A.B. asks: 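The structure under discussion is supplied below as structure tokens; questions concerning it will follow.
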Amino acid sequence: MAKLILFLGLVALTCSLAIAFEPSPLQDFCVADTGSSARVNGLVCKDPKLAQADDFFFSGLHVTGNTSNPVGSKVTPVTAAQIAGLNTLGISIVRLDYAPWGINPPHTHPRATEILTVLEGSLHVGFVTSNPDNRLITKVLQKGDVFVFPVGLVHFQRNVGYGNAVAIAALSSQNPGVITIANAVFGSNPPIAAEVLTKAFQVDKSVVDWVRSKF
Ligand SMILES: *[C@@H]1O[C@H](CO)[C@@H](O)[C@H](O)[C@H]1NC(C)=O
């Protein structure tokens, strides 16, 4: 009987892990113990009795990001790395700043759906569906508009106004992760073999070398 209960318990645990995209909390909160060297899926909890308001707090999203870079945008993340109390909660927030005509280059979040709202300016946004269709779903957003980027899909934003643009986005993970396509493909360390990239992109090695030199 005890073995059966244990077995059913394991089955239930496995199923719950399979259906929940980010593990559901089993307690009120799990403020990250940043001093712990233990390796778990997420971050180790500190004693809940030691939790303070500051563990659930961040100040700084009023600050404009520095967009003086080749793409003309800056993301200011507020994930479990910035708010220890976000650990295990499956949510995070970012501020996005865009210089005129700046872009947030094509990228994906392996662990999160993103919902974005424009606070200032106009953004041309889009995402691409998975193979084989690779359909581009795109829209121009104005202040107050909201758009969703489904989990894992490649997406981008471009400031199409004449002034700066600002957006806030929420993501369905405490640690959404970012894979910027160009950086991952052309700027990996060590580099992906040129033979892979020349065939993948159907271009000459000189083109691959040139693009690589940018990353
Ligand atoms: C913005 O970033 C650029 C490039 O890194 C740097 O030269 C500049 O000093 C920064 N500006 C501010 C206000 O921090």
Side-chain angles (χ1 to χ4, degrees), residues 32 34 43 53-87 91-112 114-128 138-147 149 153-192 194 197 201 203 206-215:
T34 47
L43 301 162
D54 278 352
D55 291 325
F56 303 93
F57 174 78
F58 173 90
S59 179
L61 281 198
H62 60 297
V63 178
T64 305
N66 184 347
T67 58
S68 298
N69 55 57
V71 293
S73 77
K74 178 70 178 181
V75 180
T76 306
V78 186
T79 68
Q82 286 77 31
I83 300 184
L86 271 184
N87 188 34
I91 194 167
S92 57
I93 191 167
V94 301
R95 172 184 172 129
L96 303 110
D97 287 280
Y98 311 82
W101 311 109
I103 62 157
N104 186 7
H107 63 280
T108 96
H109 304 292
R111 292 176 288 278
E114 174 174 346
I115 184 165
L116 174 147
T117 188
V118 179
L119 300 186
E120 290 298 336
S122 312
L123 293 178
H124 165 221
V125 304
F127 65 83
V128 179
T138 185
K139 194 162 177 69
V140 174
L141 307 180
Q142 310 297 342
K143 182 174 179 170
D145 292 352
V146 175
F147 200 79
F149 305 105
L153 300 188
V154 173
H155 60 282
F156 61 87
Q157 300 104 32
R158 179 174 185 236
N159 180 0
V160 288
Y162 289 93
N164 293 330
V166 183
I168 293 282
L171 297 115
S172 60
S173 170
Q174 67 178 51
N175 177 23
V178 187
I179 301 168
T180 304
I181 307 306
N183 302 55
V185 174
F186 291 101
S188 69
N189 181 24
I192 297 175
L197 299 183
F201 289 89
V203 294
S206 60
V207 177
V208 166
D209 290 342
W210 183 72
V211 178
R212 269 181 177 162
S213 71
K214 307 282 176 191
F215 297 93

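The basis for the numbers below is simple: all heavy atoms, side chains too, and nothing from hydrogens, waters or symmetry mates. Position 1 is the first residue of the sequence, and the numbers go up from there. In each ligand, atom 1 is the first atom listed, and ligand 1 is the first ligand listed. This one's a predicted model, so the numbers in the text were calculated from it and none came from an experiment.
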A.B. asks: Look up atom 9 (O) of ligand 1 and tell me if a protein heavy atom lies less than 4.0 Å from it?
C.D. replies: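 Not a single protein heavy atom is under 4.0 Å away.
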A.B. asks: With a 3.5 Å cut-off and no angle check, do the side chains of S68 and N66 form a donor-acceptor pair?
C.D. replies: yes
A.B. asks: If only side-chain N and O atoms count, and only distance matters, is there a donor-acceptor pair under 3.5 Å linking S122 with Q142?
C.D. replies: yes
A.B. asks: Report the nearest protein non-hydrogen atom to atom 3 (C) of ligand 1: residue, atom name, distance rounded to 0.1 Å.
C.D. replies: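 Looking at atom 3 (C) of ligand 1, the protein heavy atom closest to it is N66 ND2, 3.6 Å.
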A.B. asks: Is the closest basic N to carboxylate O distance between D97 and R95 below 4.0 Å?
C.D. replies: yes
A.B. asks: Among all protein non-hydrogen atoms, which one is nearest to atom 5 (O) of ligand 1, and what is the separation to 0.1 Å?
C.D. replies: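 The answer is S68 O, 4.3 Å.
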A.B. asks: Considering all heavy atoms of both residues, which atom of L153 and which atom of V128 are nearest to each other, and what is their separation?
C.D. replies: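 Scanning both residues, the minimum pair turns out to be CB-O, 3.7 Å.
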